[in-house]
Amino acid sequence: MKKIAPSLLSADFSRLDEQIKKVENAGADLIHLDIMDGMFVPNITMGPPVIKSLRKTTDLPFDVHLMIKEPERYIKDFAEAGADIITVHQEASIHLHRTIQQIKSYGLKACVALNPATPIETIKHVLKDLDMVLIMTVNPGFGGQSLIESLESKVKQLRNLIKEENLNIDIQVDGGIKENNIKRVCNWGANIFVAGSAIFKAEDINLAIENLKNEVK
Ligand code: DX5
Ligand code: ZN
């Protein structure tokens, strides 16, 4: 199933509750929350208290993308704040298998993200434990960057691997996804599309989501 996950990173931070309601009414499938620590990526965003207070605004799943070093330190806090999916970066967690089990111990969906330069081989041995893999299509840290086209072969490689191993795992892409490329990226094999600026910087949020959805129908 194809899903659209608006990233709040490009939303108006002074009225996140309204912005969540707006994308929910427009047909968003997940709410993507980008958590940055100023170490793993050169930017700082929000933490568990913000997620906890936003939790009451919607029943949509919270897709929490942790761009933080040693994310295992904070899985409990994000689980208790109301995350439904927790994504950790392969590059940020030394004992990745243990971190994945930690996420699952809270009954949450576990996802691993790969930076553009990190090969699929690095998660081969944990693949069957995952609900989703996030292929970063930009270098993480900021919204509004351009899709790195050379990631095509990586998404295709992952789709083939999932098929070969007969697994049921979503492929999420994050960064630079727009109305004019989402269909192509869908054909690479991705099925969950994060979009920040394409939605929140659009003149009409409803229309932006509708157009993205139509492209991958
Ligand atoms: C980047 C974040 C993304 C970001 C995407 O580090 O992980 O979720 O918000 O923004 P756009 O869609 O504008 O590239
Ligand atoms: Zn993200």
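Quick note: residue numbers are just sequence positions, from 1. In listed order, ligands and their atoms are each counted from 1.
- With ligand atoms numbered from 1 in the order given, ligand 1 contributes 1 (C), 6 (O) to contacts under 4.0 Å with heavy atoms of Phe142.
- At least one N or O atom of Gly144 sits closer than 3.5 Å to an N or O atom of ligand 1.
- The shortest N or O to N or O distance between His65 and ligand 1 is below 3.5 Å.
- The environment of NZ in Lys213 is crowded: more than 12 heavy-atom neighbours from other residues, nucleotides or ligands sit within 6.0 Å.
- Residue contact annotation: Ala198 has no non-hydrogen atom under 4.0 Å from ligand 1.
- The distance from ligand 1 to the heavy atoms of His32 drops below 4.0 Å at these ligand atoms: 8 (O).
- Taking a cut-off of under 4.0 Å to the non-hydrogen atoms of Gly175, the atoms of ligand 1 that pass are 14 (O).
- Other residues, nucleotides and ligands place more than 12 heavy atoms under 6.0 Å from the CG atom of Asp204.
- Here the side chains of Lys2 and Cys186 are in contact, with some heavy-atom distance below 4.5 Å.
- Numbered from 1 in the order shown, with element, the atoms of ligand 1 that lie under 4.0 Å from a heavy atom of Val194 read 8 (O).
- Only one option out of Leu108, Leu54, Leu30 pairs with Phe62 in a side-chain contact (heavy atoms from CB on, under 4.5 Å); it is Leu54.
- Glu70 and Arg73 are joined by a salt bridge, as a carboxylate oxygen and a charged side-chain nitrogen come within less than 4.0 angstrom of each other.
- Counting non-hydrogen atoms of other residues, nucleotides and ligands closer than 6.0 Å to NZ of Lys104 gives a total above 12.
- Contact atoms of ligand 1 toward Gly143: 10 (O), 13 (O) (distance under 4.0 Å to a heavy atom of the residue).
- Side-chain atoms of Thr99 come within 3.5 Å of backbone N or O of His95 as a donor-acceptor pair.
- Within the sub-2.8 Å shell of the Zn ion (ligand 2), the protein contributes these N/O/S atoms: His32 NE2, Asp34 OD1, His65 ND1, Asp174 OD2.
- Listed by number with element, the atoms of ligand 1 under 4.0 angstrom from any heavy atom of Met36 are 6 (O).
- When only modelled atom types and interatomic distance are considered, Gln157 and Glu121 share a side-chain donor-acceptor pair under 3.5 Å.
- Arg184 and Glu215 are not joined by a salt bridge, as no carboxylate oxygen comes within less than 4.0 angstrom of a charged side-chain nitrogen.
- For the residue pair His65/Asp63, the side-chain donor-acceptor check at 3.5 Å is not satisfied.
- One finds the CD atom of Glu72 at 9.0 Å from the CG atom of Leu96 (value rounded to the nearest 0.5 Å).
- Counting only heavy atoms of the protein, atom 6 (O) of ligand 1 lies nearest to Gly141 N, 2.8 Å.
- When the heavy atoms of Ile35, Asn43, Asp174 are ranked by distance to atom 8 (O) of ligand 1, first place goes to Asp174.
- With respect to Glu80 and Lys76, a salt bridge is recorded, a charged nitrogen being found less than 4.0 Å from a carboxylate O.
- Note: no N/O pair closer than 3.5 Å links Met67 and ligand 1 by distance alone.
- At under 3.5 Å, not a single nitrogen or oxygen of Asn139, backbone or side chain, sits near a nitrogen or oxygen of ligand 1.
- Side-chain atoms of Lys217 and Asn214 form a donor-acceptor pair, as typed in the model, at a separation below 3.5 Å.
- Of all the atoms in ligand 1, the ones that sit under 4.0 Å from a non-hydrogen atom of Pro140 are 6 (O).
- Scanning the protein for heavy atoms near atom 14 (O) of ligand 1, the closest one is Gly176 N, 2.8 Å.
- Residues Lys69 and Ser93 have side chains that never bring a donor and an acceptor to within less than 3.5 angstrom of each other.
- Counting only N and O atoms by type, the side chains of Asp34 and Ser7 include a donor and acceptor under 3.5 Å apart.
- Proximity to Ser7 (heavy-atom distance under 4.0 Å) selects the following atoms of ligand 1: 4 (C), 8 (O), 9 (O).
- Protein heavy atom closest to atom 13 (O) of ligand 1, with residue, atom name and distance, is Ser197 OG, 2.5 Å.
- Ranking protein heavy atoms by distance to atom 12 (O) of ligand 1, first place goes to Gly196 N, 2.8 Å.
- Here the heavy atom of the protein found nearest to atom 2 (C) of ligand 1 is Asp34 OD1, 3.4 Å.
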